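First comes the structure, then the notes that go with it.
Chain naming here is simple, since letters A, B, ... match the order of the sequence lines and numbering starts at 1 in each. Model, not experiment: these values are computed from the prediction.
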Amino acid sequence: MFMQEKYIPAEIERAAQDHWRATAADRAVEVGGKPKYYCLSMFPYPSGWLHMGHVRNYTIGDVLARYHRMLGENVLQPMGWDAFGMPAENAALVNQTPPAHWTRQNIDGMKQQLQPLGLSIDWQRELATCAPDYYRWEQWLFTRLFEKGLIYKKQGTVNWDPVDQTVLANEQVIDGHGWRSGALIEKREIPMYYMKITAYAEELLAGLETLTGWPEEVRLMQKNWIGKSVGVRLAFVLAEETYPEQKLWVFTTRADTLMGVTFVAVAAEHPLATHAAKDNPALAAFIAECKKGSVAEADFATMEKKGMPTGLFARHPLTGEKIPVWVGNYVLMGYGEGAVMAVPAHDERDFAFAQKYSLPIKQVIGVTNEAFSVDHWQEWYGDKHRAVCVNSGKYDGLAHAEAVEAIAADLALAGLGEKEVQWRLRDWGVSRQRYWGCPIPIVHCEDCGDVPVPDDQLPVVLPENVTITGAGSPLSRMPEFFETVCPKCGKPARRETDTLDTFVESSWYFLRYACPDNDGAMLDERVDYWCAGGIDQYIGGIEHAILHLLYARFFTRLVRDAGLIHLSEPFKNLLTQGMVVAPTFYRLDAGGKKHWINPAEVEVKTDEHGRPVGATAKADGQPVSIGGIEKMSKSKNNGIAPQTLIDRYGADTVRLFMMFASPPEQSLEWSDAGVEGAFRFLRRVWKLAYAHVGRGVTAANSGNAGLTEEQKSLRRKLHQTIGKVRNDYGRRLQFNTAIAAIMELLNACDRTDLSDDAGGALAQELLEAVVLMLFPIVPHIGQALYAELKPGVDAARAAFPQADPAALAQDEIELMIQVGGKLRGQIRIPANADAAAIEAAALATKAARKFMDGKPAKKVIVVPGRLVNIVV
RNA sequence: GCCCGGAUGAUGAAACAGGUAGACAUACCGGACUUAAAAUCCGGAGCCGCAAGGCGUGCGGGUUCGACUCCCGCUCCGGGCACCA
């Protein structure tokens, strides 16, 4: 059979995929004798449309999976569906289709859209979180955790839409109003289940130190999120007798400023606020006002700081001074004690508040040569590193740490406080007043309380034939679902109708891939095999840096402590990929509204330098306005459907472009021309292989014997490139530079005369290596070309090329000559020359003499293999 | 508001450990091939300057023989902020 002259992606891609299917090339089996490599991309939400972000994510994963398989490792790359969530309910409202139906249809559709990409996925392990045989284990674990006290019930705050009579997600609250009703949102307290993640705070923090395969920024974000701080919990004793709790507790990390407290502020939800508002209508009105608006912290932190005195007073724990108690809208009920001591002189927020309400500002720490003024805030007021106590009686002269110790000791003596570790991390509220999620396996009995559903009654199956109305969960309108009997006493009881946060499903799916077929247990010993030492590579968006990754680390410890696995950190190496962005184009209509036009329907005009000067619509040739470069989205109509490109260029071109256009962690800008360029490169590789195969050479060169100097130099470049590509794939996870190196190699190959026999053998060696080096990125063309270069050998089972140290040897190297740090020339010098010889040679160069201008060299710096810098 | 990133030619980017700034590609310009176009191949190009040379990695300072890289202070853009996934 003769090799096809033309590169026809559709044909070779179909053939390659048929071959992989027939040889079960993607199947992952637990076998001994070689190291395992578990490569995981974050599973998608089945929205129905595969977008470029998915393609990028899964291509990165596939490149790594295939590369590690070529290194002889036992590779697992699974795929599944994060199938519960709000969009299915929203779609149900619009289309009148049940969420289950919509979701399953989307899964089928997206799976079909994934197939052409040629991903090396073991589809036998596919899972969907909305399947009862998945979520039943989540319910099972829930009941265990509930019994252990790691899940408990308390009041939580939610966004309440008073018009639609429903709880809204933060995303559904826009500027404090409901997205559908437009009504002003209120905060409402309802009972919810919480998972005690704070019980693992110390371990989750300490574990970050071991995650050396994670980006530093992600570890730092998690560390700040967990937010361990050592401070002092202390009490102000209330002057009034009426309030049953005599002590008002606060937490502070700045106990050294305690002597500067001029008021105390409590959250609007604080019991003391409620107490004080009982016979104070103005205060009650203020508290009601504080309860308007969303519960999102970003809204909370940017709103105007307001307060009102309660009329109550408390005694300073050390001085006994009467201190007014205020209600402040900026005090968080969920953090610390829901109350803060205010030191306006040394806290910027308190300072602004005190100025606004004319409260006293009392300086109690100072910095040498800095003058305090109540007129404006200065940075040093809050600086605990430089400051010492002043106006603080016996504490005067103490630095921050000493003052905290001394004050804490005195508070302890008075029985009014002690040092305490405080976490910013809060327990995880997992109850959702929504339908499309995992039912919480609890039955409420009048006599027995909250009773977990026994194992033999699991799963609590979510009814799928429902109508979504947009007001509350349909489960709470389905007596056939919630009417049940108490598992303990048998009396009529009510089943919980809330479902679990969808983050719960995504907190353990990566473990279940190891044993998706086990219907007798949540997890089994196969997890210990695949996840030993952690999942070898996890790949997903940076937007998951905190919540998902923290919950997954928490959950792994929960199942460990349930005795199911022997693993603490689930993800050994983490790669956070950037977004896929594209230019936007629009036209304004008569009303000034923007109509977004897809980049595929726009032509950009450039001037003679290639600078863009305008754009026109392909449809009518009329100009369109150029918007910004934004994340591909439906709303800006700047998405490009992967399928369109695969149809035109083939999957390999799409994969190559995605890997070449930017490093994986950066955002990737879409470019039609770039895709075209990727296609051109593949066509060039194909042509080169075609011409070579036509020569009939099949034996690869394996040394420098018989090569010309020029050919030796090309062979050196080949082996340098192999080393670089291995480093880029394996250590740096940077594929764009690996591709660039291979392109450079081919450019060098074009410039080298390989027409003799030795040259033919070198061309064979080079092409075999190039095809295998490209294989992880463009496996279809790789499969086809390798079959031509080495008939009968399967590229999918080939080993990755290795650099030959003998090929790398070099007699002469080039050094740069700098004078005064500026580049002035270069010299060629024997590779083994010592520093003295290099220095002498450098000083003798024309360039050095010219720029030294007759002056003597003050200092000569020789950087071996790089440059010589002469300082005059 | 708080936490975390990013900014380099016309464009995407490279420079991996402080040592040749702009590799590789795209767009552009010129040439070859062609009846012509496409495709392909060859060449050019950071900016200023005829040149010598000077300037140049968001802005302002600093450390160093030497800074895209380290430090301090800003600006703008992006991610997250616990019920979007």
Side-chain angles (χ1 to χ4, degrees), chain A residues 42 44-45 47 82 85-87 156 158-159 167-173 215-218 220-221 223-225 227 295-303 305 330 334 349 424-434 501-503 506 541-548 550-551 576 578-579 581 604 606-612 628 631 660-663 665-674 676-678 680-681 683-684 687 724 727-728 731-732 734 736-737 739-744 747 750 814-818 820-823 826 858-861 863 865-867 869-872:
Chain A
M42 288 181 187
Y45 177 80
S47 61
D82 187 14
M86 263 195 334
V158 294
N159 302 307
V167 174
L168 295 185
N170 284 337
E171 188 193 46
Q172 299 171 311
V173 180
E216 191 53 45
E217 87 206 61
V218 176
L220 191 58
M221 278 192 259
K223 185 182 172 200
N224 291 339
W225 185 264
V295 301
E297 199 191 307
D299 296 337
F300 199 79
T302 48
M303 72 191 176
K305 310 286 178 284
Y330 63 95
R349 201 173 46 184
R424 206 190 77 96
L425 182 68
R426 309 198 290 262
D427 278 340
W428 176 13
V430 291
S431 293
R432 295 292 178 269
Q433 299 68 48
R434 264 184 271 287
D501 180 1
T502 57
F503 267 124
S506 57
I542 183 71
E543 66 272 21
H544 297 292
I546 297 177
L547 291 180
H548 162 61
L550 189 64
Y551 291 148
T576 51
M579 293 180 307
V581 297
V604 175
T606 58
D607 64 12
E608 72 273 22
H609 302 290
R611 295 189 190 94
K631 179 175 176 173
F660 182 58
S662 65
E665 306 212 324
Q666 270 179 49
S667 60
L668 182 153
E669 192 180 322
W670 189 258
S671 146
D672 284 330
E676 189 72 46
R680 258 199 312 256
F681 174 73
R683 198 162 49 192
R684 179 179 166 203
K687 273 172 67 176
K724 172 163 179 57
N727 189 38
D728 282 350
R731 187 182 67 82
R732 296 215 301 159
Q734 192 168 299
N736 55 331
T737 46
I739 296 164
I742 295 168
M743 287 174 168
E744 259 188 87
N747 290 345
D750 274 356
E814 194 161 78
L815 289 186
M816 297 302 125
I817 308 281
Q818 290 185 344
K822 279 189 202 290
L823 180 69
Q826 60 252 45
K858 207 189 325 180
K859 198 168 164 190
V860 180
I861 292 145
V863 183
R866 295 227 177 240
L867 55 74
N869 187 13
I870 301 162
V871 189
V872 290

Could you check whether [X] gets within reach of a base, just the sugar-phosphate, or nothing at all, counting any heavy atom under 4.0 Å?
X	answer
Asn224(A)	sugar-phosphate
Ile870(A)	nothing
Thr502(A)	sugar-phosphate
Glu744(A)	sugar-phosphate
Gly429(A)	sugar-phosphate
Phe503(A)	base
Arg731(A)	base
Gln666(A)	sugar-phosphate
Ala741(A)	nothing
Pro215(A)	nothing
Val218(A)	nothing
Lys822(A)	sugar-phosphate
His544(A)	base
Gln172(A)	nothing

Side chain proximity check, [X] to [Y], heavy atoms < 4.5 angstrom:
X	Y	answer
Gln172(A)	Asn159(A)	no
Lys724(A)	Thr737(A)	yes
Phe660(A)	Phe681(A)	no

To the nearest 0.5 Å, what is the distance between CD1 on Ile739(A) and CD on Gln734(A)? 10.5 Å
Heavy atoms of other groups near Lys305(A) NZ, more than 12 under 6.0 Å: yes
Considering only the [atom1] atoms, how many Å lie between [N] and [M], rounded to the nearest integer?
N	M	atom1	answer
rA27(B)	rC76(B)	C1'	26 Å
rG9(B)	rA45(B)	C1'	10 Å
rA67(B)	rA21(B)	P	10 Å
rU57(B)	rA39(B)	P	37 Å
rG6(B)	rC72(B)	P	14 Å
rA25(B)	rU63(B)	C1'	37 Å

In whole angstroms, how far is the [atom2] atom of [N] from the [atom1] atom of [X]?
X	N	atom1	atom2	answer
Phe300(A)	rC2(B)	CZ	C1'	13 Å
Arg680(A)	rU40(B)	CZ	C1'	10 Å
Arg426(A)	rG80(B)	CZ	P	17 Å
Glu669(A)	rU26(B)	CD	C1'	11 Å

Across all strands shown, which nucleotide pairs with rC47(B) by Watson-Crick or G-U wobble geometry, both distances under 3.5 Å? rG54(B)
I want to check one thing: is the phosphate of [N], taken as OP1 and OP2, less than 4.0 Å away from some side-chain N or O of [X]?
X	N	result
Asn170(A)	rC81(B)	no
Gln734(A)	rA15(B)	yes
Asn747(A)	rA25(B)	yes

With the side chain defined as heavy atoms from C-beta on, Arg866(A) is closest, among rC24(B), rU26(B), rU20(B), to rU20(B)
